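Indexing begins at 1, ligand by ligand and atom by atom, following the structure's order. Computed from a predicted model, the values in this text were never measured in an experiment.
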Amino acid sequence: MIGPVDSSRVPRYAGPATFARLPRLDQVAHADVAVVGVPFDTGVSYRPGARFAPSAVREASRLLRPYNPGLDVSPFERVQVADGGDVAVNPFHIGEAIETIEQAASQLQADGTKLVTIGGDHTIALPLLRAVSRIHGPVALLHFDAHLDTWDTYFGEPYTHGTPFRRAVEDGILDTEAISHVGTRGPLYGKKDLEDDRRLGFGIVTSSDVMRRGVDETVDALRQRIGSRPLYVSIDIDVLDPAHAPGTGTPEAGGMTSRELLEIVRGLRGLNLVGADVVEVAPAYDHADITSVAASHLAYDLVSLLALKEGL
Ligand SMILES: N=C(N)NCCCC(=O)O
Ligand SMILES: [Zn+2]
Ligand SMILES: [Zn+2]
């Protein structure tokens, strides 16, 4: 197993950044888990900038340490984790970009590697789900987000960051018995948004529900719905309150704390996680790396969950 650069020998701020100072994918024979960047933000409806997230999150991940006490695991000792670099995506053509992302994700997963992807805007979840469902069939989905992202079109366009999960249901790549949004809040276009969403099969745990029920009850309910199904987790960083994630394109007041979200993610331990993404970090609006640090810790916990599942 090749682990991260030892931060007691080489200062953690030295050298080029890979996720958690891990080796690059081309430096290992096989990776059980790869962290991959998808610098694409052509699908946004408001503030752009998520294309700069992969490099910002890698920079923010320099401080991660090898033992994760929240999940009692040393993920990089248990399985081989590597940084898969960035997918080179056409910023001028959303249709082509979606194809490229699906192909790259399929190739990366061809020999059993599990992916934790750093976006990019939320458009990228669709091709990532397409790739993962080719392997596992329709997957359960836990979607952490302030937004539903099940709208139909924007300016007549079907592929945007507000529409990936409607397209995914239409594709038949989700197991609609177990798809949930967590953390939704904020104004909608109309009540119909919620009716459409319910008709597609989604369950909703709003941001207020999380506050009223607390982390444990939230986790229990989610786990029951998911069972042993293959599970994909998509985390839009705007699920966090803007106080905890100012660096994002469509911020909404009244969100979770990063502590609550990390605890819910850790509560997924033992489930059949097959892939995950962290999207919508837009570093230009960030302050003191608050958002990138949160994203790097979420990615670390997702890698840890995969390591627990894939490891010995
Ligand atoms: N996926 C994110 N972050 N935002 C979707 C917002 C879509 C809208 O502008 O209504
Ligand atoms: Zn989203
Ligand atoms: Zn969102």
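Among protein heavy atoms, the minimum distance from atom 7 (C) of ligand 1 is reached at Tyr154 OH, 3.1 Å. For atom 5 (C) of ligand 1, the nearest protein heavy atom (residue, atom name, distance) is Asp149 OD1, 3.4 Å. The shortest contact between atom 10 (O) of ligand 1 and any protein heavy atom is with Tyr189 OH, 2.5 Å.
When non-hydrogen atoms are compared, ligand 1 lies under 4.0 Å from the side chain of His122 (C-beta onward) but not from its backbone. Of all the heavy atoms of Asp238, the ones lying under 4.0 Å from any atom of ligand 1 belong exclusively to the side chain. When heavy-atom distances to ligand 1 are checked against a 4.0 Å cut-off, Asp121 has no atom that comes that close, whether in backbone or side chain.
A perpendicular orientation is assigned to the rings of His297 and Tyr300, their planes being inclined by more than 60° (bins at 30° and 60°).
Looking at Leu302 and Val278, their side chains come closer than 4.5 Å, going by heavy atoms from C-beta outward. Side-chain atoms of Val279 and Ile235, non-hydrogen and from C-beta on, never get closer than 4.5 Å to each other. Looking only at side-chain heavy atoms (C-beta outward), Asp196 and Arg166 come within less than 4.5 Å of each other.
The aromatic ring centroids of His181 and Phe144 lie 6.0 Å or more from each other.
Taking the centre and axis of the six-membered ring of Tyr285, the NZ or CZ atom of Arg47 falls inside the cone set by 45° and 6.0 Å.
Of all protein N/O/S atoms, those under 2.8 Å from the Zn ion (ligand 3) are Asp145 OD1, His147 ND1, Asp236 OD2, Asp238 OD1, Asp238 OD2, and waters are not counted.
Ligand 1 places these atoms under 4.0 Å from at least one heavy atom of Glu280: 1 (N), 2 (C), 3 (N). Atom numbering of ligand 1 starts at 1 in the shown order; those under 4.0 Å from a heavy atom of Thr250 are 2 (C), 3 (N), 4 (N). Interface of Ser45 with ligand 1, defined as ligand atoms under 4.0 Å from a residue heavy atom, comprises 6 (C), 7 (C), 8 (C), 9 (O).
The main-chain N or O of Thr18 is never found under 3.5 Å from a side-chain atom of Asp83 such that the two would form a donor-acceptor pair.
Here the closest non-hydrogen pair linking Glu102 and Arg134 is OE2-NH2, 2.8 Å. Contact detail for Thr250 and Ser45: the closest heavy-atom pair is CG2-OG, 4.1 Å.
Between the side chains of Gln80 and Asp32, no donor-acceptor pair is found at a separation under 3.5 Å.
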